[in-house]
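Have a look at the structure below, then the notes.
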2 protein chains.
Amino acid sequence: MKHSSEKHLAQHGIHPTAMRLLVLEYLLDNRTAASLGQLEREFYRSDKATLYRTLKTFEKKGLIHGVNVGGTTVYLLCRENCSEEGHFDVHPHFFCTGCAKTICLSQAKMPRFDLPEGFDLHEVNLILKGRCDECAG
Amino acid sequence: MKHSSEKHLAQHGIHPTAMRLLVLEYLLDNRTAASLGQLEREFYRSDKATLYRTLKTFEKKGLIHGVNVGGTTVYLLCRENCSEEGHFDVHPHFFCTGCAKTICLSQAKMPRFDLPEGFDLHEVNLILKGRCDECAG
DNA sequence: TTTGACGATGCAACCCGGTTGCAAAGTCAA
DNA sequence: TTGACTTTGCAACCGGGTTGCATCGTCAAA
Ligand SMILES: [Mn+2]
Ligand SMILES: [Mn+2]
Ligand SMILES: [Zn+2]
Ligand SMILES: [Zn+2]
């Protein structure tokens with residue numbers, strides 16, 4: 001359904017090129033996080049730099065957000081009204097050590113934190129690691 | 001106070017070499033996290049691989065624990081009875097984007113998390129980012 | 001229709017943190 | 001003194017990420 005992903009890009013002010021549509025549709029289909037490396041493997045005829053810039057563009061425009069999972073960054077579709085102005089879908093992420101998939105825990109509440117006096121909090125990075133329902137048991 | 005750091009190493013079953021004592025004392029003095037890169041700069045006449053193995057040995061023996069802060073790993077002294085058996089001083093860490101220092105938030109309680117049914121939690125990684133009291137204001 | 005500006009792409013090279021193989025040097029006890 | 005075992009130094013490597021630069025495609029002004 002190319003038309004809907006074109007709209008998706010347009011809504012975030014991203015010019016819809018072939019590559020961008022492919023990457024977006026890949027993210028939409030898989031419903032799981034993707035790293036630059038995964039995209040390289042998936043779109044092996046494309047170039048690493050192009051994929052890299054595609055991700056960076058998507059992220060800047062508020063279409064996806066990156067999560068650093070022990071060394072590599074994976075990217076997930078934003079769930080709220082993220083835009084160039086900023087990302088507002090702050091939530092924990094779960095990384096399965098079995099299948100290496102990362103999923104958003106959108107429903108989980110981000111806990112409050114008490115910092116020492118004078119400290120200024122800008123960002124919270126919360127990664128839970130373990131095994132997903134398919135890999136556990 | 002070389003004698004006390006020698007004991008410190010001995011308590012964790014680590015043979016006290018010159019390099020190990022230097023690294024441990026550096027960690028004790030600075031009371032802040034150190035990355036491999038920082039150690040390389042501090043002990044520029046030593047070798048990267050040696051420092052790397054020193055950190056790995058310390059970590060395995062429960063003397064320090066590593067925290068991944070956006071791409072690089074920093075190491076901090078353990079606060080509890082960590083040993084080869086495992087690390088038990090699980091707590092959030094604060095990374096200051098001003099001075100790039102990482103500190104343990106030992107006093108902060110690790111929050112509980114509700115995972116979806118069937119998920120198995122092994123590890124929680126919680127990094128707060130912002131500005132410390134010296135860099136804020 | 002031609003031209004030129006501008007953004008997107010491909011390619012190659014680079015950076016940097018981390019990691020490993022291997023040989024040399026050190027330690028220590030038989 | 002010898003030999004086993006550990007620690008160190010050096011060099012090379014790895015993988016993820018990033019950038020400079022030339023080329024290509026698109027589109028609108030001339
Ligand atoms: Mn977002
Ligand atoms: Mn510990
Ligand atoms: Zn899994
Ligand atoms: Zn600071």
Side-chain angles (χ1 to χ4, degrees), chain A residues 2 5-6 9-10 12-26 33-61 63-76 84 95 100-102 125 127, chain B residues 2 5-6 9-10 12-26 33-61 63-76 84 95 100-102 125 127:
Chain A
K2 188 162 284 186
S5 31
E6 273 190 42
L9 288 183
H12 289 84
I14 303 172
H15 188 75
T17 70
M19 201 63 246
R20 289 173 179 168
L21 287 168
L22 284 173
V23 171
L24 173 55
E25 277 158 26
Y26 176 78
S35 66
L36 177 58
Q38 282 172 268
L39 291 181
E40 265 183 276
R41 261 163 269 133
E42 179 73 17
F43 303 104
Y44 57 91
R45 71 193 82 189
S46 178
D47 187 73
K48 190 203 240 190
T50 304
L51 294 168
Y52 171 73
R53 290 174 182 133
T54 298
L55 290 173
K56 286 302 192 185
T57 300
F58 283 9
E59 187 179 39
K60 180 155 61 96
K61 300 288 189 171
L63 204 131
I64 62 180
H65 56 264
V67 179
N68 199 294
V69 178
T72 71
T73 303
V74 297
Y75 294 88
L76 306 111
E84 193 135 23
F95 176 77
K101 285 182 181 167
T102 303
N125 235 281
I127 312 278
Chain B
K2 188 162 285 189
S5 33
E6 272 190 43
L9 288 183
H12 288 85
I14 302 172
H15 187 74
T17 69
M19 200 64 245
R20 288 172 180 172
L21 287 168
L22 285 172
V23 170
L24 173 55
E25 279 157 25
Y26 176 79
S35 66
L36 177 57
Q38 282 171 267
L39 291 181
E40 267 184 273
R41 262 165 267 132
E42 178 74 16
F43 304 105
Y44 56 91
R45 70 193 82 188
S46 179
D47 187 75
K48 191 204 240 188
T50 304
L51 294 168
Y52 170 74
R53 289 170 181 136
T54 297
L55 290 173
K56 286 302 190 185
T57 300
F58 282 9
E59 186 179 38
K60 179 154 64 99
K61 299 289 190 172
L63 204 132
I64 61 179
H65 57 264
V67 178
N68 199 294
V69 178
T72 72
T73 303
V74 296
Y75 294 89
L76 306 111
E84 192 133 24
F95 175 78
K101 285 182 181 166
T102 303
N125 235 281
I127 313 277

Give the minimum heavy-atom separation between [X] and [Y], together with the two atoms involved.
X: B/Gly66; Y: B/Thr73; value: CA-CG2, 4.0 Å
X: B/Ser46; Y: B/Met19; value: OG-SD, 3.3 Å
X: A/Leu9; Y: A/Pro16; value: CD1-CA, 3.7 Å
X: B/His12; Y: B/Lys61; value: CD2-O, 3.1 Å

Quiz item: Toward the 5' end of DNA chain C, which comes first, A/Arg20 or B/Gly37, by nearest nucleotide?
Solution: A/Arg20
Practice problem: Could you say whether B/Thr72 or B/Asp47 is positioned toward the 5' end of DNA chain C, judged by the nucleotide with the nearest heavy atom to each? | Solution: B/Thr72
Contact class for [X] (heavy atom, under 4.0 Å): base, sugar-phosphate, or nothing?
X: A/Ser46; answer: sugar-phosphate
X: A/Arg53; answer: base
X: A/Thr73; answer: sugar-phosphate

Can you measure [X] atom [atom1] to [N] atom [atom2] for me and round it to whole angstrom units?
X: B/Leu51; N: C/dT20; atom1: CG; atom2: P; answer: 16 Å
X: B/Ile14; N: D/dT7; atom1: CD1; atom2: P; answer: 10 Å
X: A/Tyr44; N: C/dT9; atom1: OH; atom2: P; answer: 18 Å
X: A/Met19; N: D/dG25; atom1: CE; atom2: C1'; answer: 16 Å
X: B/Phe43; N: D/dT8; atom1: CZ; atom2: C1'; answer: 15 Å
X: B/Leu39; N: C/dG17; atom1: CG; atom2: P; answer: 12 Å
X: A/Asn68; N: D/dG15; atom1: CG; atom2: P; answer: 18 Å
X: B/Glu40; N: D/dT8; atom1: CD; atom2: C1'; answer: 15 Å

Phosphate-side-chain proximity, [X] and [N], N/O vs OP1/OP2 below 4.0 Å:
X: A/Tyr52; N: D/dG17; value: no
X: A/Lys56; N: D/dT18; value: yes
X: A/Thr50; N: C/dG10; value: yes
X: B/Ser35; N: C/dG17; value: no

Exercise. Report the residue (A/Leu36 or A/His15) whose heavy-atom-nearest nucleotide on DNA chain D is the more 5′ of the two.
Key: A/Leu36
Practice problem: Supply the atom-to-atom distance A/Arg53 CZ to A/Lys48 NZ, rounded to the nearest 0.5 angstrom. | Solution: 12.0 Å
Practice problem: Would you indicate which nucleotide in D/dT8, D/dT19, D/dA11 comes nearest to any side-chain atom of B/Ala49? | Solution: D/dA11
Self-check item: Under 3.5 Å donor-acceptor pair, A/Lys48 side-chain atoms to C/dG10 base atoms
Solution: no
